[in-house]
Amino acid sequence: MKQLLIPCIAVAFTAGTCMISFGASGWQNEDGIWRYANSDGGYASEEWKKSGNDWFWLDADGEMLKNSLVEDDDNYYYVNEAGAMVRNEWHELENTDDDDDAADTCWYYFGPNGKAYKAGSSGKTTFKTIARSGGGSSKYAFDEEGRMLYGWVDEESGRVTGEDAWKTGVYYLGTNGDGALRANRWELLEVEDDENEDDDFEGSYWFWFNTNGKKVQDTTKTINSRKYRFGEFGNAVFNWYSKASSSTASESDMYYNKPDQCWQAQGWFQSVPDKDIDPEGYEDGDIYWYYALKSGELVKSELKKINGQYYGFDEYGKMLHGLYKMSVNDRDIQSYEEIEDEDDLPDEDDGWDVYYFGDSPKEGAMKTGSTRIRLDGEEYTFEFKKSGSDRGAGYNGINDGSVYIKGKLLKADRDAKLEKVTYDGAEYLVNTSGKIQKKKNNVKDADDKYYCTDNNGIVTYEGTEKRDGKE
C-alpha cells in the first residue's frame, strides 16, 4: 500500500505565508493555535474554512484540527499535519473497529474532493479504480465508514472472517496492506477444511477470480487452454472428482492432477485409485495408469487403441497389466479375471478368451503374436491373434501346425520328447516345440513308447511295441 500513496503535498503553515492573521475577522493565530473569527466576533466551529486553495476544519472548540479523521455530514475527510484537507491520497489510520479480528490500523483513500471513498447507498460491494504511483491502477472496495476492505469480502461491502471465510466470501482483496481486487487471476489461499482427508491436501486451495473479481464456483472453466473444476465453495478440485452418489463408478469420474496443477487430466496419467470410487484399489495403495479422453472421461471396461497400441481398462479405468481371461464384445470388456497360475487358465470350451497386456512395445500394451509368459514359476508359450475383431485373443485350436488352448501352446515336455495332447475330442501327437507330428509311423518317445499318426497328426496307435504296417 505504501507504494500506492501519492506523496502528500502539505501546505506549510507559517505566519506571513499561507495563513494570514487578520485583526477583526478571518484566520487568527493565538499562541500557535489557529482559529477562524467570524464577522460577529465569534469563532467558527465544526465547519470548513478555506485559505488559498486548501480547506481546513475547525473543531467543536473552534481550533484548527491536524492529523485527524474528520466526519462531516456522513462523509469522512482527513487533515494532514498542516491541517489541510488531503486529496487523492491514501492514509493508514488507527482502526476504531473493536471486532476481535479487526486489524490495529485501516486504510482510507481520499478522493479529488477530499471525501473518503466508501460503500454506496445500495449496500452492495462496489469498486473504485485508483491509480498506482508506479503506473497502472487497481480496484478497491470500502465499507460504509470508508475503511478499505481486505481479505475475503461478501457482496454487501462486508469482510468475511473465521474458518469458513473461504466458503462464504465472494471476492478476495489480499492483506490489510494490499486490498487490490483479484481479477482474472489465480490465487493460492490458506483455508481450514477438516472435511478434506486427501493425503495431498496441505491446507491451501487454488481459486480463480473472474474479470469482475468474483470467485468461480461449482462449475468447470477453461483457463489458458486447460480445463478446471471448481467446487461448491470455489476451490479448484484436485485428484479425483465424481458426481456419483454411491461407491459405484460412473461416467463422471474424472481426474484433476495434484494440488499444484489442478487441471483436468487428458491422456495418460498415474494415480492411486479414489477411495470412494474404487475402495479396494485404494486400500491396496498401488499406483495405476489411467487414460482420460479429451472430455476428461476415463476409458473404462474397454480395449482401447491409443497411439497404435491396444490397452485394456477395468470398470474403474485402471489399465490392466498381465494375463487375463476375459469376455469381450466389440472391444467392450464384459467381465475379466486375472490369471495368476496355470490352474486359472480356461478350458477350450469355456466362454472366456485370454489376453495378455505386457511390457513391450509399451507398458500395458496388448500383445499379439507369440510370447513367453511366466505363470507360478513356469514359463509357457502363448500365441495371440494379430488381426480381426478378436485381435489379441489367444488362439483356441490348431494354428500353424500347433495346438493352442485359449492361447497356450500345447507341447511335449523336454524330457518326454513326444506327448499326446487333446483338442476337440481328438488326441494329437506333438513334439517339444509343439509341432503336430503328422503321418508318423512308430516314432518313439523318451519312455520307448511308439506312436503312429494320420495325415492330421491324430494318434492312431500307441504302445510299447512297434506296429506292423503303415497308417
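All residue numbers in this chain count up from 1 along the given sequence.
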Q) Can you name the one residue among Y108, F110, Y77 that meets side-chain contact (heavy atoms from CB on, under 4.5 Å) with V86? A) F110
Donor-acceptor contacts, no H, no angles, side chain residues 254-266, under 3.5 Å, sequence neighbours left out:
unit_1: Y255; atom_1: OH; unit_2: N239; atom_2: OD1; d: 3.3
unit_1: Y256; atom_1: OH; unit_2: Q264; atom_2: NE2; d: 3.1
unit_1: N257; atom_1: ND2; unit_2: W263; atom_2: O; d: 2.7
unit_1: K258; atom_1: NZ; unit_2: D200; atom_2: OD2; d: 2.9
unit_1: Q266; atom_1: NE2; unit_2: K294; atom_2: O; d: 2.9

When the side chains of residues 388-399 are checked against the rest of the protein, which donor-acceptor pairs come out under 3.5 Å, sequence neighbours left out?
unit_1: D390; atom_1: OD2; unit_2: K385; atom_2: NZ; d: 2.6
unit_1: R391; atom_1: NH1; unit_2: K386; atom_2: O; d: 3.1
unit_1: N396; atom_1: OD1; unit_2: K406; atom_2: N; d: 3.0
unit_1: N396; atom_1: ND2; unit_2: E348; atom_2: O; d: 2.9

**Q.** ring-ring contact (aromatic ring centres under 6.0 Å, His included) involving Y290 - partner list, sequence neighbours excluded
**A.** W240, F269
Q: Could you tell me which residues satisfy side chain to side chain donor-acceptor pair (under 3.5 Å) with S402, sequence neighbours excluded, listed by chain and number?
A: none
(Q) Going by salt bridge (Lys or Arg N to Asp or Glu O under 4.0 Å), name the residues that satisfy it together with R182, two or more places apart in sequence or in a different chain. (A) D178, E187
Q.
Would W166 and Y205 count as a ring-ring contact (aromatic ring centres under 6.0 Å, His included) here? Give the steps.
A. CA-CA 10 Å; W166 67 277; Y205 287 132; 5.4 Å; yes
(Q) Over 60° means perpendicular and under 30° means parallel, so tell me whether Y117 and F142 are parallel, tilted or perpendicular. (A) perpendicular
**Q.** Contacts of Y171 that satisfy ring-ring contact (aromatic ring centres under 6.0 Å, His included) - sequence neighbours left out
**A.** F127
Q. Can you list the residues that meet the side chain to side chain donor-acceptor pair (under 3.5 Å) rule with R372, with sequence neighbours excluded?
A. E379, T381
**Q.** Pairing residues for K466 by the side chain to side chain donor-acceptor pair (under 3.5 Å) criterion, not counting sequence neighbours
**A.** none
Q | For E337, side chain to side chain donor-acceptor pair (under 3.5 Å) partners two or more places apart | A | none
Q. Checking salt bridge (charged side-chain N to carboxylate O under 4.0 Å, His left out) against K318, which of D286, D278, D253 comes through?
A. D278
Q: Have a look at E462 and tell me which of K420, K444, K440 forms a salt bridge (charged side-chain N to carboxylate O under 4.0 Å, His left out) with it.
A: K420
Q: Please name all residues satisfying ring-ring contact (aromatic ring centres under 6.0 Å, His included) with Y76, sequence neighbours left out, ordered by chain then number.
A: none
Q: Could you pull out all residues at least two apart from Y291 that satisfy ring-ring contact (aromatic ring centres under 6.0 Å, His included)?
A: W268
Check: residues 354-365 side-chain donor-acceptor pairs under 3.5 Å, at least two apart:
unit_1: D359; atom_1: OD1; unit_2: H321; atom_2: NE2; d: 2.7

